[in-house]
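Have a look at the structure below before the remarks.
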Number of protein chains: 2
Amino acid sequence: MRIGELAEASGTSTKALRFYEDAGLLPPPERTRSGYRDYSPEVISRLDFIRRSQSAGLTLAQIREILEIRDGGQAPCAHVQQLLSDRLADLDRQIAELQALRATVAQLKADATTVDPTRCDAQSVCRYL
Amino acid sequence: MRIGELAEASGTSTKALRFYEDAGLLPPPERTRSGYRDYSPEVISRLDFIRRSQSAGLTLAQIREILEIRDGGQAPCAHVQQLLSDRLADLDRQIAELQALRATVAQLKADATTVDPTRCDAQSVCRYL
DNA sequence: CTTGACCTTCCCCTGTACTGGAAGGTCCAA
DNA sequence: TTGGACCTTCCAGTACAGGGGAAGGTCAAG
């Protein structure tokens with residue numbers, strides 16, 4: 001199948017497909033005599049995997065690592081478990097940071113809505129921040 | 001004061017100061033006869049404001065908006081309150097998204113540690129994702 | 001035979017907040 | 001006068017995941 005068909009079938013764009021090839025996520029496909037890319041239909045499930053992994057927050061670099069292990073003939077199980085653990089730790093850290101920031105901003109906002117605004121000080125630009 | 005002194009006094013870098021000037025956060029300072037930037041000390045409190053605002057998660061573009069209102073002679077109170085409200089809504093949305101993602105990833109990880117890894121399917125690359 | 005839809009490679013652009021470095025000018029002390 | 005520390009402008013690059021568009025080749029239908 002040609003790149004446009006694959007793009008439609010997989011829900012991506014032709015740009016993304018060429019980009020994935022450059023990035024090592026898709027193997028270079030066969031070419032027709034005239035140079036068009038000629039994909040085998042199995043690539044669709046590979047692209048589904050890429051999309052599911054992206055939904056789990058993995059970067060393309062991490063997804064490529066998994067695919068390379070898999071393409072090397074091994075099951076990437078342990079590596080995937082490690083990536084998921086790392087990702088979970090990342091998420092916990094990010095969530096904690098955002099919650100701390102949320103508390104700060106909520107306090108600033110509370111101050112900004114209750115304090116008398118006429119007492120602004122030209123020097124500090126804004127008394128709320 | 002020269003740009004190096006200001007950088008030291010305000011805890012930023014000379015690079016950042018020139019960048020802020022280009023970005024419209026700092027007014028172009030006086031110049032010495034030889035072309036050196038010659039800052040007045042009041043810029044320090046402006047830089048403090050920029051830093052506090054960044055700590056609250058505002059972008060430089062948003063900070064510039066506040067400064068432009070202030071520089072226009074008005075108190076930016078209402079605008080700041082709006083920005084803080086928007087920021088709070090942003091944070092709530094981001095936190096909710098991350099928590100949903102965290103639940104998904106936690107489920108994937110749980111599956112990955114309990115399911116028999118020998119039943120991998122070559123077609124789908126990895127049965128956990 | 002020509003039109004239009006598709007394909008190729010190529011390079012630049014997006015947003016964020018800067019950092020690094022090159023090439024050259026300035027200032028002050030020894 | 002020379003050296004080093006400072007300053008100037010401008011160009012390029014960082015990470016991420018592609019998007020936009022140019023210039024040109026290809027294929028099937030009318």
Side-chain angles (χ1 to χ4, degrees), chain A residues 1-26 28-39 43 46-67 83 86-87 90-91 94 97-98 101, chain B residues 1-26 28-39 43 46-67 83 86-87 90-91 94 97-98 101:
Chain A
M1 63 197 323
R2 285 180 309 179
I3 196 169
E5 300 174 70
L6 178 59
E8 183 128 7
S10 62
T12 59
S13 65
T14 61
K15 282 287 188 183
L17 292 174
R18 296 194 194 94
F19 178 76
Y20 289 166
E21 184 180 332
D22 283 351
L25 287 142
L26 292 183
E30 301 295 306
R31 297 286 181 136
T32 65
R33 297 178 307 293
S34 56
Y36 286 15
R37 285 175 179 78
D38 188 14
Y39 291 96
V43 181
R46 195 178 176 98
L47 286 166
D48 284 345
F49 170 74
I50 292 173
R51 269 231 314 276
R52 290 195 304 276
S53 302
Q54 279 192 300
S55 302
L58 299 186
T59 66
L60 292 186
Q62 291 171 324
I63 300 168
R64 189 189 49 211
E65 286 177 11
I66 300 173
L67 288 168
L83 281 177
D86 292 352
R87 187 77 193 100
D90 269 4
L91 284 169
Q94 285 181 48
E97 278 176 22
L98 286 182
L101 185 53
Chain B
M1 63 198 319
R2 286 180 309 179
I3 195 169
E5 301 172 70
L6 178 59
E8 182 127 9
S10 62
T12 59
S13 66
T14 61
K15 285 285 190 183
L17 292 174
R18 294 194 195 94
F19 177 76
Y20 289 165
E21 185 179 332
D22 283 350
L25 287 142
L26 291 184
E30 301 293 306
R31 298 284 183 139
T32 66
R33 298 177 308 294
S34 56
Y36 286 16
R37 284 175 180 78
D38 188 15
Y39 291 96
V43 180
R46 194 177 177 99
L47 286 165
D48 284 345
F49 170 74
I50 292 172
R51 269 231 314 278
R52 290 195 305 275
S53 303
Q54 278 192 301
S55 303
L58 299 186
T59 66
L60 293 186
Q62 292 171 322
I63 300 169
R64 188 189 51 210
E65 286 176 11
I66 300 172
L67 289 168
L83 280 177
D86 292 352
R87 186 79 192 101
D90 269 4
L91 284 169
Q94 286 181 49
E97 278 175 22
L98 286 182
L101 185 54

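Order of the sequence lines sets the chain letters (A, B, ...), proteins ahead of strands, with each chain counted from 1.
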For A:Arg2, give me all partners under salt bridge (Lys or Arg N to Asp or Glu O under 4.0 Å), at least two apart in sequence or on another chain.
A:Glu5
Using whole Å, report how far CG of A:Asp22 lies from C1' of C:dC11.
13 Å
For B:Ser10, does its backbone N or O pair with a side-chain atom of B:Arg51 as donor and acceptor, under 3.5 Å?
yes
Would one find a side-chain N or O of B:Arg2 under 4.0 angstrom from OP1 or OP2 of D:dC6?
no
All N/O contacts under 3.5 Å from nucleotides 3-5 of chain D to the protein, with atom names and distances to one decimal?
none

Which of C:dC10, D:dA17, C:dC7 is nearest the side chain of A:Lys15? It is C:dC10
Does a side-chain N or O of A:Gln62 approach OP1 or OP2 of D:dC16 to a distance below 4.0 Å, or not?
no
Report yes if a side-chain nitrogen or oxygen of A:Arg37 is closer than 4.0 Å to either non-bridging phosphate oxygen (OP1 or OP2) of C:dC7; otherwise report no.
no
Side-chain contact, heavy-atom cut-off 4.5 Å: A:Pro29 with A:Glu21?
yes
With no hydrogens and no angle check, is any side-chain donor or acceptor of A:Arg46 less than 3.5 Å from a backbone partner on A:Leu26?
no
A:Ile50 CD1 to D:dA17 P: how many Å, rounded?
12 Å
Which part of the nucleic acid does A:Thr59 contact within heavy-atom distance under 4.0 Å: base, sugar-phosphate only, or nothing?
sugar-phosphate
Axis-to-axis angle across the helix from C:dC1-D:dG30 to C:dA30-D:dT1, five pairs each end, nearest 10 degrees, ~ 40°
